[in-house]
Each structure stands twice: as C-alpha cells, then as structure tokens.
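Contents: one structure, followed by commentary.
Computed from a predicted model, the values in this text were never measured in an experiment. Each ligand, and each atom within it, is numbered from 1 in the order the structure gives. The figures that follow rest on heavy atoms only: side chains count, while hydrogens, waters and symmetry mates do not.
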Amino acid sequence: MQSLQEKASEWSGVNRSDAFAIDEANLYEKLGLQTFINLSTNFYNRVYDDEEDWFKKFFANSKKEDAIQNQYEFFVQRMGGPPLFSQRRGHPALIARHRPFPVTHQAAERWLDHMKRALDSTMEIDESSRFKMMNFFRHTAFFLVAGNELKNPKQGFACKHAAAKPAAA
Ligand code: HEM
C-alpha cells in the first residue's frame, strides 16, 4: 500500500527531495518575519474574497486575522524560524487539524492557486525561494488530500480524472 507521502508525490507531481528543498537553506533567515506575515496576509485576503463559495465556506468559522497568524507562524517555524506555532497552538498535526474540512483534489488546487498568486505578489520573495516554497506547499496540499481520503475513502477521486479540476497552480 502506498504511504501518504508517496500519494502526495504522485498526485502533486513533486518528489520528496524537491518538496523538502525548503530545508536546504534557512528561508526564515533569508526572508524575515515580515515577509511571512505579508505572504499569509496576501493569501488570506484572496481566500476571503474568493468568488467560489464552496471554497470560501471552509473558512467561515475562522476570523481572518487568526487564520493569517496561524498560517504565518507555522510557515516561520517550518522554514527555520522560532517555533511560534507550537508555542501557541501545540503540535502542527496538519492532517488532524484539517479533519473538519473536505480537503479534496479540487480544494487543494484552489488553495494552491491562491497561494501561487500570493507568492507572486509578495515582492520580497525571490524567485528561488518562491520555487522551493511552492513545491513544499504543493506536496503538503496533496499530503492533506491523502489524509482526507483516509477519513472517507469514497469522497476522494483520482486527481488525473477529476472532472472539475481547475488549472494547475
Ligand atoms: C489543500 C487545501 C487546504 C485547505 C482546503 C485548507 C483549509 C484550511 C482551513 C479551513 C483552515 C482553518 C483556518 C484557521 O482557522 O486557521 C486551515 C488551517 C491551517 N492550514 Fe490549511 N488548508 C489547505 C492546505 C494547507 C497547506 C498546504 C498547509 C501547509 C503548507 C496548511 C496549513 C495550515 C495551518 C498551519 C493551519 C492552522 C491550523 C491551526 O492553527 O489550527 N493548509 N486550513
């Protein structure tokens, strides 16, 4: 049986070494805290303005400011900075934290589309960091899809055959 990581690689098209190239250099030291705040602010401004209701509804029970803070503190911690997320929220346990949400292939592509646009509009992030971060996000998004399918195997569908799959990020 395929592991969640193997499924994530297959569905995202990002292999493990590319996904974890974020660990080759300390992106937090390179980019600084404010850049991560700006990225998550850009991302959630887009998400909360999404014209696709089915996607926006995922976030209906979260305040935008809290969602921004949760996200950038995780990114900072994961990309070489202080453990801000764990100090405030505990273990990241991303699959468990996404359990309330139907993280389908389509939802992952929508999330990634917002994130790609957010990265492109955060000018402080250089090309090489953007590339590494996008690979990490893409792999992690499909890792969450794989986790979601464990919860309800019938809900998921193979990405390559998805009827309503939006353009890849
Ligand atoms: C695949 C599509 C995804 C969907 C639909 C999704 C959805 C959500 C939702 C609805 C929340 C709650 C917002 C909040 O209150 O903080 C959330 C939180 C979060 N997500 Fe995602 N997410 C996705 C992908 C990702 C990815 C790829 C990452 C990491 C690279 C990530 C990291 C987080 C973190 C750290 C939190 C905060 C958890 C907490 O503090 O409890 N998510 N996500």
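For the ligand labelled ligand 1, residue F85 lies inside the 4.0 Å heavy-atom shell. Ligand 1 is never approached by Q71 to a heavy-atom distance shorter than 4.0 Å.
Contacts of F58 with ligand 1, taken as heavy-atom pairs under 4.0 Å, involve both backbone and side chain. At a heavy-atom distance under 4.0 Å, only side-chain atoms of H98, from C-beta outward, approach ligand 1.
Residue L94 holds the heavy atom nearest to atom 34 (C) of ligand 1 of all those in V103, N61, T140, L94. Of all the listed residues (G90, S62, P102), S62 holds the heavy atom that lies closest to atom 13 (C) of ligand 1. Evaluated by nearest non-hydrogen atom to atom 25 (C) of ligand 1, the leading choice among V47, T104, I68, L144 is L144.
Close approach of ligand 1 to R89 is summarised as follows: ligand atoms under 4.0 Å from at least one heavy atom of the residue are 39 (C), 40 (O), 41 (O). Short contacts between ligand 1 and N70, defined as distances under 4.0 Å to a heavy atom of the residue, involve ligand atoms 14 (C), 15 (O), 16 (O), 37 (C), 40 (O). Heavy-atom contacts of A108 reach the following atoms of ligand 1: 1 (C), 2 (C) (cutoff under 4.0 Å). In the vicinity of F74, heavy-atom distances shorter than 4.0 Å reach the ligand 1 atoms 29 (C), 35 (C). In summary, the atoms of ligand 1 found under 4.0 Å from a heavy atom of A141, numbered by their order in the structure, are 1 (C), 27 (C). Taking a cut-off of under 4.0 Å to the non-hydrogen atoms of F137, the atoms of ligand 1 that pass are 27 (C), 30 (C).
Under the 30°/60° scheme for interplanar angles, the aromatic rings of F74 and F85 are found to stand perpendicular. F43 and H114 have perpendicular rings, their planes meeting at more than 60° on a 0 to 90° scale where under 30° would count as parallel. Classification of the H139-F20 ring pair by plane angle, with boundaries at 30° and 60°, yields perpendicular.
Remark: R138 engages E109 in a salt bridge, criterion side-chain N to carboxylate O under 4.0 Å.
The cluster map of Ile, Leu, Val, Met, Phe, Trp and Tyr, joined by side-chain heavy atoms under 4.5 Å apart, puts I68 and L94 in the same cluster.
Taking 4.5 Å as the limit, some side-chain heavy atom of M134 sits within range of a side-chain heavy atom of L112. The closest side-chain heavy-atom distance from F137 to K116 is not below 4.5 Å.
The aromatic ring centres of W111 and F55 sit 6.0 Å or more apart.
In terms of protein heavy atoms, atom 26 (C) of ligand 1 is closest to W111 CZ2, 3.5 Å. Scanning the protein for heavy atoms near atom 9 (C) of ligand 1, the closest one is F59 CE2, 3.3 Å.
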Test side-chain contact (heavy atoms from CB on, under 4.5 Å) on R97 and N70; report intermediate values, then the result.
CA-CA 11 Å; R97 288 183 191 275; N70 292 341; over 6 Å; no
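For ligand 1, the polar-atom distance check finds an N/O of R97 within less than 3.5 Å of one of the ligand's N/O atoms.
Atoms CG and CZ, on D120 and R130 in that order, are 5.0 Å from each other to the nearest 0.5 Å.
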